[in-house]
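Worksheet for the structure shown next.
Residue numbering restarts at 1 for every chain, and letters A, B, ... go by the order of the sequence lines.
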2 protein chains.
Amino acid sequence: MAGNRAPTIYDVARHAGVAASTVSRAFSRPGRVAPATVGRILAAADELGYRLNPLARAVTTGRTAMIALVVTDVACPYTAGMLRGAQTAAAEAGYSTILADLACPEAAADLDRVVASVDGLVIAAPRLPDEEVRRLAAERPLVLLDRVLPGLPGVVPDVPGGMRAAVAHLAALGHELVTYVAGPEGTWPDGIRRRALRQAGSEHGVQCRGIGPFPATLAGGLAAAGDLLSRPTTAVVAHDDLIAAGLIHALTARGILVPQEVSVIGFGNVAAGALITPGLTTVAAPLRLMGDTAVRSLLSRLGGAEVPDEPAVLPVRLVTRGSTAHRRLNRTAPGGPVVVAGSGTFLPTS
Amino acid sequence: MAGNRAPTIYDVARHAGVAASTVSRAFSRPGRVAPATVGRILAAADELGYRLNPLARAVTTGRTAMIALVVTDVACPYTAGMLRGAQTAAAEAGYSTILADLACPEAAADLDRVVASVDGLVIAAPRLPDEEVRRLAAERPLVLLDRVLPGLPGVVPDVPGGMRAAVAHLAALGHELVTYVAGPEGTWPDGIRRRALRQAGSEHGVQCRGIGPFPATLAGGLAAAGDLLSRPTTAVVAHDDLIAAGLIHALTARGILVPQEVSVIGFGNVAAGALITPGLTTVAAPLRLMGDTAVRSLLSRLGGAEVPDEPAVLPVRLVTRGSTAHRRLNRTAPGGPVVVAGSGTFLPTS
DNA sequence: TTGAAAGCGCTAACAG
DNA sequence: CTGTTAGCGCTTTCAA
């Protein structure tokens, strides 16, 4: 509260005995200024406590050094992992990140103002309508996360590979029917997971069917349990880990044993999956890497690179824990809970 | 890629046959312009696809309509809850949020640039040193989350109340000794929880001791299990839910029954606590409300309000699930797992 | 290598 | 109610 306004390049210029434009250069391209002069300017600057005003710079250059991270819910662990990777990559490149969480209606309404303030966007919001995405893409460079839209760059996990691994795992355990517990209808992640599972099933001679849609939350999984009961199955692949966890919880509460009576596989590999009982077998998506890759891709476009015609596909792996077991396990195991060796200590890293 | 630069107020002005300043007014204080004129201007504006440039506005007004959310880790569920509340409140007031995650070293180094771009900050970063916080406070208005620093506004949960409830609960279950599993050393949340627990213990005739510190993560809880074994106890209050969950997991893996042999209480009430087995008894902090309150407080200061002399203290409540039980339970219950009624279906809402 | 001067897009007096 | 005229803090020609 010293009362005096923040120092500007003019103050520094006067203090160092040079022109304002020289001060500006000293900060933006030190190479174009004599080293001695740079030294004097830097000295003057920190003597006055000068700091560059990024907004003013943005007005003239047209670049804000900020990118927007548009997500559906910060509090969702799947999102959070990608956010973490994105934030790190952005910071490394000297970019700040504006967070826009569409879970808040006001934030959604305000998207345009955010767009106007950034150089580009990373979008991890499955339920944002395609047309809306394209409208944004017309406004600013953007990269899609966990979504594909023709003509737009994106970063996705290798869902077909993951589903193949999941089905192979189930088939090896003797399962002949797998039920997909669907997530939000009409979203890219749900569509691809469903299709990939069906395809993998036909490759392995495993029959597939689906129930749903359900919200991609614990509550969604809880709700799914009811539906599942009316359509018996020995194996489930859930749209994501949250649904899987909720499902296991609800099934267990109703006295249905996992994995003895039904095997459950999730998608994502978020931390909670390692903690529940039994530990969740899941298709691990490289969340941090996805966020990181999306930001790097965006920044390279901002740097003038071409838009790649194909989305980047990142490898996944199947993490097996205790929630999957042989279909016939219930015939040989006693009624009590079965401790599956090593089912718990593995923690996800993304 | 139409090639032509974005339209400015000058373009709109020409199109509508008025002066640029009138266009400016039409957007910033529509009241000061004749309704008919506003109409013409708005029409011209959207005919040209004009959008206000928030950065340019910021240069002249000195206000950016952005606030910074400084956190220690976006991927931590405790943080995420507060973030969610903060983001919502900010959006409601027409503010965008810049996310600065100190878990990324580069983001930490870049904090100054973020500070220069925002009107104020909300800080939820326990390990950011006090001096650093004060330095930031000298730069911009700020509100602390889950932390108290004399002279600075803050928003905190009612930790003493929560610990009193936790200890009362344990005392009622016959426990006479409780072990605090400490979180990051020297942080405000850890200090207050430790002190409040000790105080509550002395009020209820329950002896307290501590082990730690441990990182506030699942891995921290896993590590704590080892220490705990060498110092037997019948009840534990963990620094937070993550530590508690990790601890329960590790104890169970070693064959120690929770809650039969040891009762465990967490802090926070994050979603995972409801899913693990047994369900986690925990002091529920109003995370969303905390974030919301912090932002409102910040915005009211930006609007000219006085700095409150006392931090806002928000109520907590004890959520009891299956991880706590009577100290003598192990003498009456059989060796197998005990299903505690109602232990699972309650999901946290913050 | 440096300075002078002209903006960037917008807001804010100050007339009228 | 509206137009004119200065800036905001910085970058960027253009000369020197």
Side-chain angles (χ1 to χ4, degrees), chain A residues 4-42 44-45 48-66 94 112-113 115-119 139-140, chain B residues 4-42 44-45 48-66 94 112-113 115-119 139-140:
Chain A
N4 11 14
R5 53 170 191 61
T8 74
I9 46 170
Y10 290 96
D11 302 314
V12 176
R14 198 173 321 115
H15 203 78
V18 297
S21 52
T22 307
V23 175
S24 173
R25 279 187 211 104
F27 284 103
S28 33
R29 326 120 144 32
R32 290 217 191 305
V33 178
T37 319
V38 173
R40 252 186 315 143
I41 291 176
L42 260 35
L48 297 179
Y50 167 77
R51 8 204 44 138
L52 213 156
N53 179 331
L55 287 323
R57 161 176 284 183
V59 180
T60 35
T61 60
R63 322 206 81 191
T64 63
M66 302 195 289
D112 280 330
R113 207 165 52 81
V115 169
S117 314
V118 300
D119 295 337
E139 213 80 36
R140 289 282 188 284
Chain B
N4 12 13
R5 51 167 193 63
T8 74
I9 46 171
Y10 290 95
D11 301 313
V12 177
R14 199 173 319 117
H15 204 78
V18 298
S21 53
T22 306
V23 176
S24 172
R25 277 188 214 104
F27 284 103
S28 33
R29 321 112 142 41
R32 289 217 192 303
V33 177
T37 319
V38 173
R40 253 189 312 145
I41 291 176
L42 260 35
L48 296 179
Y50 167 78
R51 6 207 44 141
L52 213 156
N53 179 332
L55 286 325
R57 160 178 282 182
V59 181
T60 35
T61 60
R63 322 207 82 191
T64 63
M66 303 195 286
D112 280 329
R113 206 164 54 81
V115 170
S117 314
V118 299
D119 295 337
E139 213 81 33
R140 287 283 187 285

Rounded to whole Å, CZ of B/R57 lies from P of C/dT11 at a distance of 4 Å
Sugar-phosphate, base or nothing in reach of A/T8, heavy atoms under 4.0 Å: sugar-phosphate
From the list C/dC8, C/dG3, D/dT2, which nucleotide is the closest neighbour of the side chain of A/T60? C/dC8
Checking B/R25 side chain against B/V33 main chain: does a donor-acceptor pair fall under 3.5 Å? no
So what does B/V33 hit on the nucleic acid, given a heavy-atom distance under 4.0 Å: a base, only sugar-phosphate, or nothing? sugar-phosphate
Determine the contact category for A/R63: base if any of its heavy atoms lies under 4.0 Å from a base atom, sugar-phosphate if only primed atoms, P, OP1 or OP2 are that close, otherwise nothing. nothing
Once you apply a heavy-atom cut-off of 4.0 Å, does A/L55 come out as touching a base, just sugar-phosphate, or nothing? nothing
Heavy atoms only, 4.0 Å cut-off, all strands: where does A/Y10 land among base, sugar-phosphate and nothing? base
Whole angstroms only, please: what is the CZ-P distance between B/R40 and D/dG3? 8 Å
Given C/dT11, C/dT2, C/dG3, identify the nucleotide with an atom nearest to the side chain of A/S21. C/dG3
Gap between atoms CZ and P, on A/R29 and C/dT2 respectively (whole Å): 15 Å
Taking only the side-chain heavy atoms of B/S28 (C-beta and beyond), determine which of C/dT11, D/dT12, D/dT2 contains the nearest atom. C/dT11
Under 4.0 angstrom, heavy atoms only, what part of the nucleic acid is A/V23 near: base, sugar-phosphate, or nothing? nothing
Under 4.0 Å, counting only non-hydrogen atoms across every strand here, what does A/T61 touch: a base, just sugar-phosphate, or nothing? sugar-phosphate
From the options C/dT11, D/dC10, D/dT2, select the nucleotide whose nearest atom is closest to the side chain of B/T22. D/dT2
Could you tell me the separation between the CZ atom of A/R25 and the C1' atom of D/dA15, rounded to a whole number of Å? 11 Å
Nearest-nucleotide pick for A/N53, side chain only, options being C/dT11, D/dT4, D/dC10: D/dC10
Check every atom of C/dT1, D/dT11, D/dT12 against the side chain of A/A34 and return the nucleotide holding the closest atom. C/dT1
So, is B/S24 near the phosphate of C/dG9, with a side-chain N or O under 4.0 Å from OP1 or OP2? no
